[in-house]
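What follows is a short report on a single structure.
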Protein chains: 2
Amino acid sequence: MQNILFDFISKYITLTEDEKNALLSLDLFHSVKKGTTLLAEGQKSQKSYFVLKGCIRVYYIIDGEEKTTAFYTELDALTPHCVLNKTPSEYFIACVEDSILLISNSDMEEEINSKFPKFEIMCRRLSEELLAKQQIDFDEFKTSSPEQRYLNMLEKRPDLIQRVPQHQLASYLGIKPQSLSRLRARILAKKN
Amino acid sequence: MQNILFDFISKYITLTEDEKNALLSLDLFHSVKKGTTLLAEGQKSQKSYFVLKGCIRVYYIIDGEEKTTAFYTELDALTPHCVLNKTPSEYFIACVEDSILLISNSDMEEEINSKFPKFEIMCRRLSEELLAKQQIDFDEFKTSSPEQRYLNMLEKRPDLIQRVPQHQLASYLGIKPQSLSRLRARILAKKN
DNA sequence: GGTCTTTCTTAACTTAAGTGAACGTTTGGC
DNA sequence: GCCAAACGTTCACTTAAGTTAAGAAAGACC
């Protein structure tokens, strides 16, 4: 599990043994059971998440309805909005599957960053990369129809369709569960 | 114009006079005429943009049609995807209005960042903030209808509706120009 | 100032998503 | 293994967006 982390980090910076040990001494690794709520609407939190194994999701409750807007799976990192602007959270974060997560809090990060300026560099590169990636995702979303989005997901994140309930996928695609059902039937009919 | 820049930076880090002068010596300020293409599809580029005054937009050409996905106005920063992953650009960037931009290239940034580690910190904070902000925007987009998105924009970026052509706004809202026209008529009818 | 082009609106028609409800299936808890 | 709840699919109906086309309005260029 630790190697997964270090392999990931090595894409951005090179760590010495000392630095690796400093990281490991922080007790970041956590097992979380499916269904666990990691963050609730209205809560304040300082915690950031990194998925080593499993899947977590972000969802809102709007007019009593759950709207899932994001899934984070292996090697995805998530710093909730509320951590950065220190306001109560507007959304929930929950575990979709039994997962192994790295959970850090901002104090920790400040400390590590000031001790090892290298981490600062990694964080910049990582968030720049994520920002750019998300921009592309957002662009694709804006420029395509629900059906295209679904087909696109089939190509790019086929695992999600297996591991996540349909009604959560639906709001992720910006539509209602019934529409996703119909859309899937439509695609099947076209194939034949 | 320079004060606008320094005021912006001061939200993230505190600069010494030396550092300010180092920045100014880089010749970052540029006037760009309306309609100018800053980046074209297929091009490779190292340039990042920061809008001091005016407006620039990102658009794709898909099946011969322009699809505008983002607008950047005063104090918005944009590092194109192609700069980060060193691939040819998938989109265009053009000037919507006569604008004053800061244009930097990645070499410059590397140099400044290594000379003044403070900048590294600013960049991290800035991109983390932008990432979080964009996540919220994306979430809002996914969880609302075109009509809600338009009303939302009326509240949060009313300036855009004035300064940007409707057909560009339409794709920004994820719909066709005709639908935007109709939707506006519908909203007007409801008011009375 | 007049012309050409781009942009915006309107309309009729098509297609797909939203809504409300019913029903069969799966899942989880006891 | 049984029951209740959650989930997925289907259907009929409503609403809104996509499409195609036409014409009015606004801007750009000479």
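Everything quoted here is computed from the prediction, not taken from an experiment. Chain naming here is simple, since letters A, B, ... match the order of the sequence lines and numbering starts at 1 in each.
Residue-level contact check: Pro146(B) touches the backbone only, with heavy atoms under 4.0 Å from sugar-phosphate atoms and none from bases.
A search for side-chain hydrogen bond (donor to acceptor under 3.5 Å, both in side chains) contacts involving Thr16(B) returns Glu19(B), not counting sequence neighbours. Residues passing the side-chain contact (heavy atoms from CB on, under 4.5 Å) test with Asp107(B), sequence neighbours excluded: Gln46(B), Asn105(B). Applying the side-chain contact (heavy atoms from CB on, under 4.5 Å) test to Glu147(B) and every residue at least two apart in sequence or in another chain returns Ser145(B), Leu151(B), Leu183(B), Arg186(B), Ile187(B), Lys190(B).
Side chain of Arg149(A) to backbone of Leu173(A): a donor-acceptor contact under 3.5 angstrom is found. Of the possible polar contacts, none joining the Asn21(B) side chain to the Asp18(B) backbone as a donor-acceptor pair under 3.5 Å is found. Listed for the Ser181(B) side chain is no donor-acceptor partner under 3.5 Å among the backbone atoms of Gln178(B).
Shown for residues 162-173 of chain A: residues whose heavy atoms fall under 4.0 angstrom of DNA chain D, namely Pro165(A), Gln166(A), His167(A).
By the 6.0 Å and 45° rule, Lys142(B) stacks over the aromatic ring of Phe138(B).
Sorted by first and then second residue, the pairs that involve residues 59-70 of chain B and meet side-chain hydrogen bond (donor to acceptor under 3.5 Å, both in side chains), not counting sequence neighbours, are Asp139(A)-Tyr60(B), Asp139(A)-Thr69(B), Arg57(B)-Glu66(B), Arg57(B)-Thr68(B). For the ring pair (Phe, Tyr, Trp, His ring centres under 6.0 Å) condition, the pairs that include at least one residue of residues 152-174 of chain A, sequence neighbours left out, are Phe71(A)-Tyr172(A).
The number of heavy-atom neighbours closer than 6.0 Å to NZ of Lys11(A), taken from other residues, nucleotides and ligands shown, is above 12. Shown here is Lys47(B), whose NZ atom has no more than 12 heavy atoms of other residues, nucleotides or ligands within 6.0 Å.
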Expected rows: protein N/O vs nucleotides 19-22 of chain C N/O, under 3.5 Å:
residue	atom	partner	partner atom	Å
dT19(C)	OP2	Lys176(A)	NZ	3.0

Which pairs, protein N/O on one side and nucleotides 24-30 of chain C N/O on the other, fall under 3.5 Å?
none

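Nearest-nucleotide positions on DNA chain C for Ser145(A) and Arg184(B) put Arg184(B) closer to the 5' end.
Counting to the nearest Å, the C1' atom of dT10(C) and the CG atom of Leu188(B) are 14 Å from each other.
Across Arg163(A), Lys156(A), Arg157(A), a single residue satisfies side-chain hydrogen bond (donor to acceptor under 3.5 Å, both in side chains) together with Asp159(A), and that is Arg163(A). Only one option out of Ile4(A), Ile100(A), Asp98(A) pairs with Lys53(A) in a side-chain contact (heavy atoms from CB on, under 4.5 Å); it is Ile100(A).
On the nucleic acid side, DNA chain D contacts chain A at distances under 4.0 Å to non-hydrogen atoms, with the end points of that region at dC7(D) to dT10(D).
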Can you list, pair by pair, the side-chain donor-acceptor contacts under 3.5 Å of residues 25-43 of chain B, counting residues two or more places apart and other chains?
residue	atom	partner	partner atom	Å
Ser25(B)	OG	Ala22(B)	O	2.7
Thr36(B)	OG1	Lys33(B)	O	2.5
Gln43(B)	OE1	Ala40(B)	N	3.2

Tabulate below the donor-acceptor pairs under 3.5 Å that side-chain atoms of residues 78-88 of chain B make, not counting sequence neighbours, or state none.
residue	atom	partner	partner atom	Å
Thr79(B)	OG1	Ser48(B)	OG	3.0
His81(B)	ND1	Asn85(B)	ND2	3.4
Asn85(B)	OD1	Thr87(B)	N	3.4
Asn85(B)	OD1	Thr87(B)	OG1	2.7

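OP1 or OP2 of dA17(C) has at least one side-chain nitrogen or oxygen of Arg186(A) nearer than 4.0 Å.
Rounded to 10 degrees, the angle separating the terminal helix axes of the helix from dG1(C)-dC30(D) to dC30(C)-dG1(D), each built from five base pairs, is 60°.
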